[in-house]
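Structure first, commentary second.
Values in this document were obtained by computation on a predicted structure and should not be read as measured data.
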Amino acid sequence: MTKQHHNEEETKPAAGTTAHNTGHNAAFQTPMKMSARFQAMESVTQIIRHNQYINQEVNRVLTEEAVAEADRNLYTNLVYGSVQNYYTLDAFVRDFVDKPNRVKSWLWSLLVISAYQMYYLDNIPSYAVVDEAVRIVRKRGNQTLAKFANGVLRNFDRRYQTMDEFIATKSDPKEILALQASLPMIWVDYFVDRFGFSKAEELAQSLTQTPAITVRANNRFGDVDADKMTAYADILRAEGHDVAPSPLSPFALRITKGNPAYSSLFMNGDITIQDESALLAVEALNPQAGDTVLDACAAPGGKTVQIAEAVGRTGHVIATDIAKDKLPLIRQNVERMKVAEHVEILHQDATQLTERFGENGEEPTMFDKILVDAPCSGIGLFRRKPDTKYNKSLQDLDALSDIQVTIMNQALPLLKKGGTITYSTCTITKEENEDVVAAILAQHPELTLKSFKGWRENLDQSVHADGTIEILPQTYLSDGFFIASFEKN
Ligand SMILES: C[S@@+](CC[C@H](N)C(=O)[O-])C[C@H]1O[C@@H](n2cnc3c(N)ncnc32)[C@H](O)[C@@H]1O
C-alpha cells in the first residue's frame, strides 16, 4: 500500500554527489518564498483549513507565485499527495503531538507534508526533509517552534519505518480501511452500510489510484467511427501520450501518460477531455439531429458540447447554470469544439425554470430532451478532487436531494410529450440517486423509467434492477456516476 520508508543511512547521498532529482538541494539554494515545500505548506493550509479548491490553488501558485522552474513538479506532487493522503497523515502526526489543537495550522501542514515525503515518496531522504522543515519553521515562526518541529519529525523516523506499521497499531477494520485509503470515517461507515464491507473496501481502495484522463472525439459531423478513433490514437501516441481504449464508450480513449490538453487534436477541437462515466449521461439522453434540448445545470459545458454535436445545426441547445462566473467556461468549450452556433447560454437558477420557460414564463419553450446533470455531493469524484473528501457531511445529502427533486419538478413541465429527461449525478449516495428517482416517480405518474439493461454489454453489472445505471469508481476505474432516464407519456 504505502511506499517503503528509507532509512537516513541508506539514502544519504555519498559525499560529493548531489540529489537534484529530489528537489531538496534546489530548495536550499532557493529563496524561502520560492521553495516548493514552503509553498506546498501554505497551499495545504489554504485547502484544508480554508476550503480552497485544490486545482484553483495549485494553478494560482504556479501562475502567480514565483516557484522555481525545477520545483514546480515537486510542489504539485507535494500538494496533491499530501491532500490525497491527508486523513492518514493527519492521524499519523496526531500520534506524536500531545496537544494538536495548539499547533498553528501552517506548522501542522508542514508536519503533514514532511510525513508525506518520508513515507510516500521514494527518493527524498529523511534528513533532508527534516532539515528543510526546520529551516522553514525558523523563518516562518521562531526558534522554539523549530525545536518542537525538529523533535516531532525525528520521532517519526524512530517510531515507524513505514506507514503500514502505524496502521497496524489499529484494530478496528473500518479504521484500518479509513487509514489505508485516506478516507474519512463518515464515508467508510456510509459505504460499509450501503454496500457491505468487501465492496466498500474495493471502493475505498480504488479511490487511492491516480485517475486516467479520458478524451472524447468530437462527433459534430456524425463521422466518428473505429477508423477515426484509431487515427486519433495514433496522433496522440505520436505526440507522446500513452493511449488505451475506453471500456465504456467507443467514442473515448484513455490517456495514461501525457496531458492531452496540449495535444494538437484538443487545440483543434477534435477531442475534448471528459470522463467516460460522464459522457454516458448524454449517450443515455440520446439527443437527435434537430432536437431542442435543455441542459439545465450546464457549466462548465462538457455535456452541452456533446449534446450540441448530436443535435447539429438544425437543432438548438439552451444551456443554463446558476453560477454566472462559470458561464464563460461553457462559451469557451462550445467555441473550441465548434458548436457555438446553435447553443444559447443563459444565467438561470434551475429551481425556477418554469418562471422562465413555462407556459406563462418570459420565454415559453418546450423541449424534446432535457438533461438535469444535478448539483450533488460529488463523491464519485473523490479520486479526481481529493480536497472534497474532507469538507462534506451526511447532512448535506438530504439538502442536496431536496434541490435535485425541485430541479426535476421544475424541468418536467417543459418536456414535450414523448420526450426524454435524463437525471444524472457524479455521486453514489442513495439519497441523491435512488431516493430522488423514487420521489420523482411517486409524484409523476406520467413518467416511465427507462431500463438500461442490455444497452451496453459490459455496463450491465452497473445497471440496477429498476434499470438505472450506477457506476462505482472501482468497476471501470472511471468516475462514480448515476444515470436515470424517464420518458413522458
Ligand atoms: C455536476 S455540475 C454540471 C457539470 C456539467 N453538466 C458538465 O458536464 O460540464 C453541476 C452544475 O450545477 C450548477 N448548479 C448548482 N445549483 C444550480 C441551480 N439551482 N440551478 C442551475 N444550476 C445549478 C453548478 O453551478 C454546476 O455548474
Side-chain angles (χ1 to χ4, degrees), residues 1 48 83-91 94 167-209 211 275 277 374-405 408 423-442 449 452-453 459-484:
M1 195 265 321
I48 297 291
V83 171
Q84 175 68 274
N85 296 291
Y86 191 86
Y87 182 80
T88 312
L89 291 163
D90 181 74
R94 274 170 201 277
I167 296 173
T169 63
K170 312 292 174 191
S171 55
D172 171 12
K174 286 203 271 188
E175 191 182 0
I176 291 173
L177 179 55
L179 291 170
Q180 284 174 335
S182 186
L183 187 66
M185 269 308 265
I186 57 159
W187 297 115
V188 170
D189 279 335
Y190 187 92
F191 292 152
V192 170
D193 284 352
R194 183 154 192 229
F195 303 115
F197 192 86
S198 129
K199 213 165 173 186
E201 191 174 27
E202 279 172 31
L203 200 170
Q205 298 290 10
S206 85
L207 295 177
T208 64
Q209 300 185 8
D275 185 78
S277 296
C376 70
S377 57
I379 289 163
L381 304 185
F382 272 175
R383 184 166 37 204
R384 217 174 277 288
K385 300 180 176 177
D387 49 322
T388 61
K389 289 193 278 193
Y390 310 111
N391 59 16
K392 294 188 192 306
S393 76
L394 294 177
Q395 284 88 330
D396 297 343
L397 302 182
D398 289 329
L400 282 163
S401 179
D402 288 346
I403 294 171
Q404 290 153 348
V405 172
M408 285 295 284
Y423 171 79
S424 57
T425 68
C426 51
T427 201
I428 48 176
T429 71
K430 178 176 173 293
E431 291 80 351
E432 299 169 90
N433 296 344
E434 280 170 62
D435 292 357
V436 169
V437 169
I440 294 302
L441 286 174
L449 187 61
F452 287 100
K453 210 58 197 171
L459 200 64
D460 270 355
Q461 57 184 316
S462 302
V463 177
H464 285 308
D466 65 359
T468 57
I469 300 169
E470 189 168 52
I471 296 176
L472 300 183
Q474 72 267 35
T475 313
Y476 312 97
L477 293 182
S478 60
D479 291 344
F481 216 81
F482 179 78
I483 301 169

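A distance-only check finds no donor-acceptor pair linking the side chain of Tyr423 to the backbone of Ile440 [under 3.5 Å]. In this structure, the side chain of Ser424 does not engage the main chain of Ile483 through any donor-acceptor pair within 3.5 Å. Within the 3.5 Å criterion, the main-chain N or O of Asp275 finds no donor-acceptor partner in the side chain of Asp479. Judged by distance alone, the side chain of Asp396 and the main-chain N or O of Ser393 form a donor-acceptor pair under 3.5 Å.
Looking at Gln84 and Lys389, their side chains do bring a donor and an acceptor atom within 3.5 Å of each other.
In terms of the side-chain hydrogen bond (donor to acceptor under 3.5 Å, both in side chains) criterion, Asn391 has no residue partners (sequence neighbours excluded). With sequence neighbours excluded, no residue forms a salt bridge (Lys or Arg N to Asp or Glu O under 4.0 Å) with Asp460.
Atom NZ of Lys199 has 12 or fewer neighbouring heavy atoms from other residues, nucleotides or ligands inside a 6.0 Å radius.
Minimum interatomic distance between Tyr87 and Ser182 (heavy atoms only, all atoms of both residues): N-OG, 3.1 Å. For the residue pair Asn433 and Thr425, the shortest heavy atom distance occurs at OD1-OG1, 2.8 Å. Here the closest non-hydrogen pair linking Thr88 and Ala178 is OG1-O, 4.3 Å. Among all heavy-atom pairs drawn from Ala181 and Ala204, the shortest one is CB-O, 3.5 Å. When all heavy atoms of Leu203 and Phe191 are compared, the closest pair comes out as CD2-CE1, 3.8 Å. Minimum heavy-atom separation, Thr468 to Ala484: CG2-CB, 3.6 Å.
Considering CG of Leu397 and OH of Tyr190, their distance stands at 5.5 Å, rounded to 0.5 Å. Rounded to the nearest 0.5 angstrom, Thr429 OG1 and Leu400 CG are separated by 8.0 Å. Rounding to the nearest 0.5 Å gives a distance of 13.5 Å between OH of Tyr390 and CH2 of Trp187. Taking CG of Leu381 as the reference point, atom SG of Cys376 lies at 7.0 Å (rounded to 0.5 Å). With rounding to the nearest 0.5 Å, the separation of OG in Ser462 from CZ in Phe481 is 13.0 Å. In this structure, the separation between CZ on Arg384 and SG on Cys426 is 10.5 Å, given to the nearest 0.5 Å.
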Go through the steps to decide whether Leu449 and Asp466 satisfy the test side chain to side chain contact (heavy atoms under 4.5 Å, CB included), and finish with yes or no.
CA-CA 8 Å; Leu449 187 61; Asp466 65 359; 3.9 Å; yes
Evaluate the criterion side chain to side chain contact (heavy atoms under 4.5 Å, CB included) for residue pair His464 and Val437; output intermediate values, then yes/no.
CA-CA 12 Å; His464 285 308; Val437 169; over 6 Å; no
Gln205 and Leu177: side chain to side chain contact (heavy atoms under 4.5 Å, CB included), yes or no, with the steps?
CA-CA 8 Å; Gln205 298 290 10; Leu177 179 55; 4.1 Å; yes
Side chain to side chain contact (heavy atoms under 4.5 Å, CB included) evaluation trace for Leu459 with Ile471:
CA-CA 9 Å; Leu459 200 64; Ile471 296 176; 4.1 Å; yes
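Proximity of Phe482 to Ile428: side-chain heavy atoms (C-beta onward) are nowhere separated by under 4.5 Å. Considering only heavy atoms from C-beta on, Arg383 comes within 4.5 Å of Leu477 through its side chain.
Among Glu431, Glu432, Lys392, the one residue that satisfies the side chain to side chain donor-acceptor pair (under 3.5 Å) test with Ser377 is Glu432.
With salt bridges taken as basic N to acidic carboxylate O contacts below 4.0 Å, one links Glu470 and Arg194.
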